[in-house]
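Please read the structure below before turning to the comments.
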Amino acid sequence: MEKRYDPKLIEQKWYDFWTQNGTFHGDSSAGGDPYCIMIPPPNVTGILHMGHALNNTIQDILVRWRKMQGRNVVWMPGTDHAGIATQNVVERALRNEGKSREDLGRDAFIDRVWEWKEEYGSTITRQLRSLGCACDWERERFTMDEGLSDAVTEVFVRLFEKGLIYRAHYIINWCPRCHTALSDEESEHQDLDAHLYYIRYPVLDAQGNADGHIVVATTRPETLLGDVAVAVNPNDDRYADLDSKQIMLPVLNRQLQVIRDEFVDPEFGTGIVKVTPAHDPNDFEMGQRHDLTPINVMNGNGTMNEEAGPYNGIDRFECRKKIMAQLEDEGLVEKVEPHKHAVGHCYRCDTVVEPRLSPQWFVKMQPLAEPAIEAVNSGKVEFVPGRWTKVYLEWMENIRDWCISRQIWWGHRIPIFYCDACDHVWASKTQPESCPECNETKIRQDEDVLDTWFSSWLWPFSTFGWPQNTDDLKFYYPTHDLVTASEIIFFWVARMIMAGYEFIGDIPFQTVYIHGTVRDDTGRKMSKSLGNSIDPLSIIEEFSADALRFSLMMITATGQDVFLSNDKFEIGRNFGTKIWNAARFMQMHTEKTDIPCRFDRELTCNPERLAPDDIYILSRLDKAIAVCNENLQKYRFNDVAHELYEFIWHQFCDWYVEYAKDVLYGDDADRRAQVLGVMHHVFSQAMRLLHPVMPFITEELWHAMQYGDADDSIMLADWPSTQEKLPGVDLDEKLVRYVDDKHDLIRMGRALKSDYNIQAATETNYVLKPATEEATQLIQADINALKSALRAGSITIDTDASPRGMASAVGRLGTMYMDLAGVIDLDAERQRLSEQINKLSADIQRADKKLGNENFVTRAPADVVERQKALRAEMAEKHDKLQQQVATLSQA
RNA sequence: GGGGGAUUAGCUCAGUUGGCUAGAGCACUUGCUUGACAUGCAAGGGGUCACAGGUUCAAGUCCUGUAUCUCCCA
C-alpha cells in the first residue's frame with residue numbers, strides 16, 4: 001500500500017470496475033426482494049451542483065445499503081428534456097450564428113436540439129459517475145425517448161378522452177422572454193421594492209361636464225391602457241354615488257364601467273381599483289363575474305400593442321415610465337408611495353412574468369388529487385421528515401388546474417388535431433390521415449408542446465416501459481424511496497403520486513425523503529448569479545468523492561439546510577487518510593505472519609485467549625452495527641456518519657489499534673494472531689458499514705486487505721448484522737465495563753502526567769490501589785496493556801497502598817498514584833484534589849436534593865431513581881477517597 | 001395575509017417518547033517528529049440552551065407569548 005492515499009486513480013478505477021462488472025444492474029428476472037429508487041431526473045442542460053451532490057449521495061447510500069442487504073436493486077437514472085431551458089440554450093447558440101429558430105423552421109430546429117443533446121447532454125450524468133453513484137446506467141432514460149414519449153401521448157389522450165384535459169382562454173403566467181406560458185409553479189414569487197401609484201381618473205357628471213376625479217391605486221400603471229372598469233367594495237359607502245358618474249380612462253379617454261365586487265379591499269389604496277381583465281388574474285375573475293370584455297394591450301414579447309394607442313410598440317417597463325410622465329404632465333398623479341409586493345419571475349430566466357390572457361391547455365386536477373390525498377392521509381405514502389405532509393396536503397387540497405401547453409418547439413407536441421372543415425377537435429396517439437368526423441384531409445396538429453413536467457410525472461413507470469405492462473414494471477413498481485428537495489414537492493412529487501394512481505392504480509413510491517437546501521456559510525442559497533456556489537467537482541478534485549460524500553453526511557442534519565464552505569470537506573478527507581493508515585498498519589503486521597487475512601469470513605480465534613480489549617472492540621462493533629442499522633432505517637444519515645466516525649476513529653484507531661501495538665510488537669505469536677484476527681474482523685465489518693457513504697476507499701481496502709476475491713466487490717458483501725455472533729465468543733458485559741473503566745484509569749494517569757508537566761514519554765512509576773477484589777484480578781491479568789497505555793516505568797498493585805508524596809486520582813477501578821520522585825508540591829496537589837472534591841460536593845448536594853424530594857422518589861420511574869441513587873453512591877465514594885488522599889498528604 | 005423551520009461553546013451543528021454532571025467537528029491553549037497516520041497523538045479551556053411566563057417530582061426538550069433570522073404559499 002502507498003504511504004499516501006491518492007483517491008484520484010482509485011476512484012476512477014473502481015467506478016470502471018463496477019460498471020464493467022454490472023454491479024449496479026438489477027434484473028427483474030432474478031427475482032428476490034426488489035428495491036428501487038427513481039433519480040429525480042436532472043435537467044439535461046444542467047451541471048452538477050452541491051444540491052445534486054447531496055441529493056445523489058443520499059440515494060447512493062440507500063442503494064448500496066439495500067444492495068448489501070441482498071435486495072434486488074435498481075436505481076433508475078436519466079435526465080429530463082427541460083423544454084424551455086434547452087430551447088434557450090440552443091437558441092442562444094443560433095443567435096451567435098446570427099440565426100433564429102424561425103429561420104431554421106420547426107423540424108430543422110428540433111434536429112439541431114437533438115444534435116446539441118447528443119453532444120452536451122451527458123455532462124451531468126458523467127458528473128454523477130465521479131460522485132460514485134451506483135445508477136443502473138443500462139437503464140438510463142431521457143424524457144424525450146421514444147418509449148417515454150409514447151407514455152406521454154398515451155396519458156394525454158386518456159385524460160383528454162376522460163374530459164380531464166381541456167382548452168380554455170384563460171389568464172396564465174407568461175414569460176415574455178421565453179415567449180411561452182408557464183404553470184403557476186414555474187412562476188416564482190419574489191418580494192420587490194416597488195411603488196404604489198395613486199392616479200386620478202377624471203369624472204364627468206351626467207351632462208358630460210368635468211366633475212373632479214377619483215383616485216385609483218395601482219402597482220402597474222402601464223396596464224391602465226387595458227382598463228375596462230373601476231371597482232369598489234359593495235359595502236364601501238364612501239363611493240355610494242359613483243354609479244351616476246362617468247369615469248374616464250386617462251390617456252385613451254375611454255369610459256369605464258363601475259362595478260361593485262367583494263374582492264375589492266376597502267383598506268387597500270383608496271378603496272377603488274382599476275379593473276384590467278387581460279392583465280391581472282384577479283381582475284380577470286372580476287371581469288368574468290361582471291361580464292366585462294377584456295382588452296389585451298400587450299404583445300407576447302412584453303411590448304405594448306396597437307390597443308395601447310400612443311404607446312404601441314414600447315416595452316412594458318419603458319411604457320410605465322412614459323405613461324407616468326404623461327400623467328404627471330396632465331396633473332393626474334396624486335402621489336407615489338414606496339410599496340413592497342411579490343412579483344412572479346420565470347423560474348428559467350428570471351424575467352418578470354406577465355399575466356396574459358391566451359388560449360391554453362389545462363389538466364383538471366381535482367379528480368386526480370383525491371386518491372393522492374388519501375394515499376398520504378392513510379400513510380401509504382410517507383414523508384420524512386413528517387412535517388412535509390402538511391405542505392403537501394395544503395397544496396393538494398387547494399389544487400388548481402395545471403397549465404400544460406408551452407409555446408415552444410422542444411418537447412412533446414400536443415397530440416391534438418383540428419379539422420378546419422368541420423371544426424372537429426380530437427386527440428390521437430397516431431398521426432391521423434383525415435378527420436374522423438368529416439373525412440376531410442385538411443387537418444392540422446396543435447402547434448404547442450407540453451410542459452416538461454407532463455413527462456416527468458410519469459417517470460416512475462414510463463421508465464419501465466409503461467403503457468406496456470412489462471416484467472420490470474410488475475417487479476419494481478411501486479418503487480421504495482424517493483429522495484428530493486422541498487422545492488420539488490409540488491412540481492414533481494405530488495404529480496407523480498397523482499399519475500401513479502390515475503394510470504397504474506397504485507402509489508409510485510412508499511417514502512419521500514425531503515432533504516434540506518444547500519447554502520453557503522452565510523446562509524444564502526447557492527446560485528450561479530450570486531457567485532457563491534461550491535463546485536462539487538472541484539471538491540472531488542481537491543478532497544475526493546468519498547470526502548465530499550462523508551463530509552456532507554457528517555454536517556447535514558436530517559431535513560435541515562446545510563451551510564457549506566470549502567474547509568468543511570477536510571473532515572472527510574482526514575477521515576479517509578485515517579482509515580488508509582489504519583489499514584497500512586494492519587497490513588504491515590499481517591505481512592509478517594503467515595496467517596491469512598480473511599477473518600471476516602470465519603474468525604479463526606481461540607475464544608479462550610481473547611483479552612478484555614478484544615471483547616470490548618467486538619462489543620463496540622456490535623453497537624456500531626446496531627446504531628447504523630437503526631439510523632439508516634430512519635433516514636438519519638448524519639447519525640450514521642457520526643457513529644462510523646466515532647467507532648472507526650476513536651474506538652478502533654485510538655483505543656484498539658493502540659492497545660494492539662503492545663501485542664503486535666511483543667513475542668507471543670499466538671496472541672499476535674488473536675489480535676490480528678480480531679482486528680481484521682472488525683475492520684472488514686467497519687468497511688462494509690462505511691461502504692454506502694464512502695464507496696471508493698472501502699472497495700480499495702476490501703481488495704487491498706484481500707477480504708474478497710479480486711473479481712469480487714464489497715458492494716456484494718453481506719451487510720453486517722449483530723445477529724451473527726462469533727462462535728464461542730462471549731461479549732461479557734463485565735469485561736466491557738472493565739475496559740470502559742480502564743480507559744478512564746488511563747486517561748487519569750495521563751492527566752496526572754500532564755498536570756505535573758511530565759512529558760508523556762517519561763516512564764513514571766505508578767501505584768494502583770484497586771477498589772475491589774474483582775478489579776484486582778482483572779487489572780493483574782491485564783497489567784501489560786495498562787502499563788504500555790500509560791507508558792509507565794512500573795505499576796505496583798497494592799490493595800493496602802497509602803503512599804506518601806505522590807499525586808493521585810480516583811476512578812471506579814481504584815485509586816491511582818503517580819510517583820513524583822519526591823518532588824511533589826504538596827500545596828499544588830492539595831489544591832488539585834480540593835477542586836475535585838468541591839465539584840463532587842456540589843454534585844452530591846444536587847443529587848441529595850433530588851433524592852430527598854418525596855415526589856421524585858415516588859413519582860419518577862424506578863429506574864431513574866435507581867440510577868440517581870447509584871450515581872450518588874459512586875460520587876460519595878470518590879469524594880471520601882479524595883478526602884483520604886488529602887489527609888494522607890497532610891501527614892507527610 | 002397564511003403556514004413551516006431556526007435561535008444550544010468563538011464557528012457549523014447534534015441532542016428522537018421530558019430523566020446522568022448538555023455533546024461532536026472545526027477553531028483555541030499546552031505538550032509531543034512515540035514504529036499506521038502532524039490530513040496525526042495526548043491533555044485542556046470554553047455554554048444563563050434567544051427572552052418572559054406556564055405545566056411537571058423533573059424542561060434544552062412540552063404549552064403560551066415576545067424578539068430576531070429564514071423558507072414556502074397567496
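Since this is a predicted model, take the numbers as computed values, not measurements. Proteins get letters first, then strands, A, B, ... in listed order; numbering begins at 1 in each.
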task = Between Trp655(A) and Val857(A), just flag the one whose closest nucleotide in RNA chain B comes earlier from the 5' side.
result = Trp655(A)
task = Hunt down the Watson-Crick or G-U wobble partner of rG1(B), both distances under 3.5 Å, from any strand shown, or write none.
result = rC73(B)
note = By the Watson-Crick or G-U definition, both distances under 3.5 Å, rG23(B) is matched with rC13(B)
query = Taking NZ, NE, NH1 and NH2 as the nitrogens, is one of them in Asp662(A) or Lys787(A) under 4.0 Å from a carboxylate oxygen of the other?
reply = no
query = Which whole number of Å gives the distance between the C1' atom of rU61(B) and that of rU56(B)?
reply = 13 Å
query = From the list rA43(B), rC37(B), rG19(B), which nucleotide is the closest neighbour of the side chain of Lys578(A)?
reply = rC37(B)
inquiry  = Suppose we call a contact any N or O donor and acceptor under 3.5 Å apart; does that hold for the side chain of Glu658(A) and the base of rA36(B)?
reply    = yes
query = Using a cut-off of 4.0 Å on non-hydrogen atoms, how would the nucleic acid contact of Ala342(A) be classed: base, sugar-phosphate, or nothing?
reply = base
task = Apply ring-ring contact (aromatic ring centres under 6.0 Å, His included) to Tyr766(A) and Tyr817(A), showing your working.
result = CA-CA 5 Å; Tyr766(A) 291 89; Tyr817(A) 299 88; over 10 Å; no
task = Determine the interatomic distance between C1' on rA58(B) and the same-named atom on rG18(B); round to the nearest Å.
result = 8 Å
query = Could you walk me through whether Tyr347(A) and Phe491(A) pass the ring-ring contact (aromatic ring centres under 6.0 Å, His included) check?
reply = CA-CA 12 Å; Tyr347(A) 86 134; Phe491(A) 274 116; 5.5 Å; yes
task = Check whether any side-chain nitrogen or oxygen of Tyr756(A) sits under 4.0 Å from OP1 or OP2 of rG31(B), and answer yes or no.
result = no
ask   = Heavy atoms under 4.0 Å, any strand shown: does Ala760(A) hit a base, just sugar-phosphate, or nothing?
value = nothing
inquiry  = By the 4.0 Å heavy-atom rule, please label Ala751(A) as base, sugar-phosphate, or nothing.
reply    = sugar-phosphate
ask   = rG15(B) phosphate, OP1 or OP2: any side-chain N/O from Arg636(A) under 4.0 angstrom?
value = yes
task = Could you tell me which nucleotide pairs with rA67(B) by Watson-Crick or G-U wobble geometry, both distances under 3.5 Å, or answer none if nothing does?
result = rU7(B)
task = Give a yes or no on whether a donor-acceptor pair under 3.5 Å exists between the nucleobase atoms of rU34(B), that is its base, and the side chain of Arg791(A).
result = yes
ask   = Quick one: do Arg636(A) and Asp639(A) make a salt bridge, cutoff under 4.0 Å?
value = yes
query = Looking at the side chain of Arg750(A), which of rG40(B), rG25(B), rA43(B) is the nearest nucleotide?
reply = rA43(B)
inquiry  = Does this structure show an ion pair linking Glu877(A) with Lys881(A), if we count only N-O contacts that are shorter than 4.0 Å?
reply    = yes
Presence of Lys390(A) side-chain N/O under 4.0 Å of rG4(B) phosphate oxygens OP1/OP2 = yes
Per Met588(A) side chain, nearest of listed nucleotides rU21(B), rA14(B), rA36(B) = rA36(B)
note = The nucleotide from rA14(B), rA43(B), rA36(B) with an atom nearest the side chain of Asp639(A) is rA14(B)
message = The side chain of His589(A) is closest to which nucleotide in this list: rA74(B), rA36(B), rA43(B)?
response = rA36(B)
inquiry  = So Leu871(A), base contact, sugar-phosphate only, or nothing? Heavy-atom distance under 4.0 Å.
reply    = base
ask   = Please give, in whole Å, the distance from rC72(B) P to Asn398(A) CG?
value = 19 Å
request  = Select base, sugar-phosphate, or nothing to describe what Val391(A) touches, counting heavy atoms under 4.0 Å on all strands.
outcome  = nothing
task = Determine the interatomic distance between P on rA9(B) and the same-named atom on rG4(B); round to the nearest Å.
result = 26 Å
inquiry  = Taking the six-membered ring for Trp, are Trp388(A) and Phe383(A) closer than 6.0 Å centroid to centroid?
reply    = no
request  = Considering only atom P, compute the distance from rA59(B) to rG1(B) and round it to an integer number of Å.
outcome  = 36 Å
task = Give one of base, sugar-phosphate or nothing for Arg872(A), where a contact means two heavy atoms less than 4.0 Å apart.
result = nothing
key: Side chain Lys661(A) and base rU34(B) donor-acceptor under 3.5 Å   = no
ask   = Would you call Asp193(A) and Lys340(A) a salt bridge, taking side-chain N to carboxylate O under 4.0 Å as the test?
value = yes
task = Indicate, with a heavy-atom threshold strictly under 4.0 Å, whether Asp843(A) touches base, sugar-phosphate, or nothing.
result = base
query = Under the criterion side chain to side chain contact (heavy atoms under 4.5 Å, CB included), which of Asn377(A), Val376(A), Val384(A) is the partner of Thr389(A)?
reply = Val376(A)
task = Could you say whether Asn631(A) or Ala583(A) is positioned toward the 5' end of RNA chain B, judged by the nucleotide with the nearest heavy atom to each?
result = Asn631(A)
key: Whole angstrom value for the distance that separates P of rC11(B) from CE of Met554(A)   = 20 Å
inquiry  = Over all strands shown, is Phe575(A) touching base, sugar-phosphate only, or nothing at heavy-atom distances under 4.0 angstrom?
reply    = nothing
query = Reckon His650(A) has a side-chain N or O less than 4.0 Å from the OP1 or OP2 of rG25(B)?
reply = yes
query = Is any side-chain nitrogen or oxygen of Trp388(A) closer than 4.0 Å to OP1 or OP2 of rC73(B)?
reply = no
Phosphate OP1/OP2 of rA14(B) contacted by His642(A) side-chain N/O (<4.0 Å) = no
key: Distance, C1' atom - from rC51(B) to rU39(B), rounded to whole angstrom   = 43 Å
ask   = When you compare rA14(B) with rA22(B), how far apart are their C1' atoms, in angstrom units rounded to a whole number?
value = 11 Å
task = Taking atom P in both rU48(B) and rU8(B), compute the distance separating them and give it to the nearest angstrom.
result = 12 Å
ask   = Within the structure, does a side-chain N or O atom of Asn581(A) lie under 4.0 Å from either OP1 or OP2 of rG40(B)?
value = no
message = Over all strands shown, is Asp654(A) touching base, sugar-phosphate only, or nothing at heavy-atom distances under 4.0 angstrom?
response = sugar-phosphate
Side chain of Arg573(A) (C-beta onward), nearest among rA74(B), rU39(B), rC41(B) = rU39(B)
ask   = Taking atom P in both rA27(B) and rC11(B), what distance in whole Å separates the two?
value = 15 Å
task = Return the nucleotide paired to rA42(B): Watson-Crick means purine N1 to pyrimidine N3 with N6-O4 or O6-N4, wobble means G-U with N1-O2 and O6-N3, both under 3.5 Å.
result = rU30(B)
request  = Mind checking Thr577(A) for me? I need base, sugar-phosphate or nothing, with any heavy atom below 4.0 Å counting as a touch.
outcome  = base
task = Using a 4.0 Å heavy-atom cut-off across all strands, classify Val657(A) as base, sugar-phosphate, or nothing.
result = base
task = Check each of Arg846(A), His879(A), Gln836(A) against Ser841(A) using the side chain to side chain donor-acceptor pair (under 3.5 Å) test, and report the only one that passes.
result = His879(A)
message = So, does Gln759(A) get its side chain near the phosphate of rC32(B), meaning an N or O under 4.0 Å from OP1 or OP2?
response = yes
task = Among rC37(B), rA36(B), rG19(B), find the nucleotide with the atom closest to the side chain of Phe856(A).
result = rG19(B)
